[in-house]
Amino acid sequence: MNFWQRTLITILVFLATAGFFPTYFHVSSVWIACLAAIILGLLNMFVKPLLVILSLPITVMTLGIFYLFINAFMLELTSFLVGISFEFSSFWSAMMVAIILSIVNLVITNYTTQNSNY
């Protein structure tokens, strides 16, 4: 999938998660969700590869589970950059959103690759 498709999916996941879990995750508007999704996409392109390389030993030792912590940290960094309009109540809330976002991206990526083979 390209950048804009992933960004649209991320916007929808942010809005849905904020609607289902309003005490854990706050997004003030659709435009803030758009801004946060774009910032997260840019951070994932430029900062995340460096973090993955630096944390490779611990990621291998935990059999990949530490990668979820990197995703949650990227969401927290996005929250810091966007400001008070996009915030998590705790790091574990960011971890929950990171898991939901990972599952949704996995399902949609598998669906689109399966349908492109036919």
Side-chain angles (χ1 to χ4, degrees):
M1 286 192 303
N2 65 24
F3 178 78
W4 295 112
Q5 289 173 331
R6 284 193 186 274
T7 302
L8 179 64
I9 292 167
T10 304
I11 292 167
L12 294 175
V13 169
F14 283 162
L15 293 173
T17 308
F20 283 125
F21 305 105
T23 57
Y24 300 118
F25 179 45
H26 170 72
V27 177
S28 64
S29 70
V30 175
W31 299 112
I32 294 297
C34 292
L35 176 66
I38 290 170
I39 289 174
L40 181 64
L42 292 173
L43 287 173
N44 282 342
M45 273 196 289
F46 297 113
V47 177
K48 190 174 182 178
L50 180 64
L51 288 176
V52 169
I53 290 171
L54 291 175
S55 66
L56 192 59
I58 193 166
T59 303
V60 170
M61 286 176 34
T62 61
L63 301 175
I65 294 175
F66 191 74
Y67 193 73
L68 289 173
F69 285 91
I70 294 172
N71 287 341
F73 175 73
M74 297 305 291
L75 284 170
E76 284 284 347
L77 187 58
T78 302
S79 173
F80 175 76
L81 293 173
V82 172
I84 198 161
S85 300
F86 182 85
E87 64 183 351
F88 298 96
S89 62
S90 67
F91 179 78
W92 297 109
S93 301
M95 179 70 82
M96 177 189 65
V97 174
I99 291 170
I100 292 170
L101 192 60
S102 297
I103 290 171
V104 169
N105 279 330
L106 177 73
V107 168
I108 290 176
T109 302
N110 283 340
Y111 178 76
T112 57
T113 55
Q114 279 182 345
N115 286 339
S116 67
N117 291 334
Y118 294 113

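The model shown is predicted, which means the values in this text are computed figures rather than measured ones.
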(request) Please check if Trp4 and Leu8 belong to a single hydrophobic cluster, counting links between Ile, Leu, Val, Met, Phe, Trp and Tyr side chain heavy atoms closer than 4.5 Å. (result) no
(message) Run the side-chain hydrogen bond (donor to acceptor under 3.5 Å, both in side chains) test against Ser90 and tell me which residues pass, sequence neighbours left out.
(response) Ser93
Shortest non-hydrogen contact from [X] toward [Y]:
X	Y	answer
Ala72	Ala98	N-CB, 3.8 Å
Arg6	Thr109	NH2-OG1, 3.8 Å
Val27	Phe25	CG2-CZ, 3.5 Å

(message) Nearest 0.5 angstrom please: Thr7 OG1 to Asn2 CG, how far?
(response) 8.5 Å
(request) To the nearest 0.5 angstrom, please state how far the OG1 atom of Thr59 sits from the CG atom of Leu68. (result) 10.0 Å
(message) Using the side-chain contact (heavy atoms from CB on, under 4.5 Å) criterion, which residues pair with Met96? Sequence neighbours excluded.
(response) Phe21, Tyr24, Ile100
(message) If hydrophobic residues (ILVMFWY) are linked whenever their side-chain heavy atoms come closer than 4.5 Å, directly or via other members, who joins Leu106 in its cluster?
(response) none
Show me, pair by pair, the donor-acceptor contacts under 3.5 angstrom made by side chains of residues 75-82, not counting sequence neighbours?
residue	atom	partner	partner atom	Å
Thr78	OG1	Met74	O	2.8
Ser79	OG	Phe86	O	2.8

Show me the donor-acceptor pairs, under 3.5 Å and distance only, between side chains in residues 28-56 and residues at least two apart or in other chains.
residue	atom	partner	partner atom	Å
Ser29	OG	Trp31	N	3.4
Ser29	OG	Ile32	N	3.2
Asn44	ND2	Leu40	O	3.4
Lys48	NZ	Tyr67	OH	3.2
Lys48	NZ	Asn71	OD1	2.5
Ser55	OG	Leu51	O	2.8

Acceptor/donor pairs from residues 11-20 side chains to any protein atom, 3.5 angstrom cut, sequence neighbours excluded:
residue	atom	partner	partner atom	Å
Thr17	OG1	Val13	O	2.7

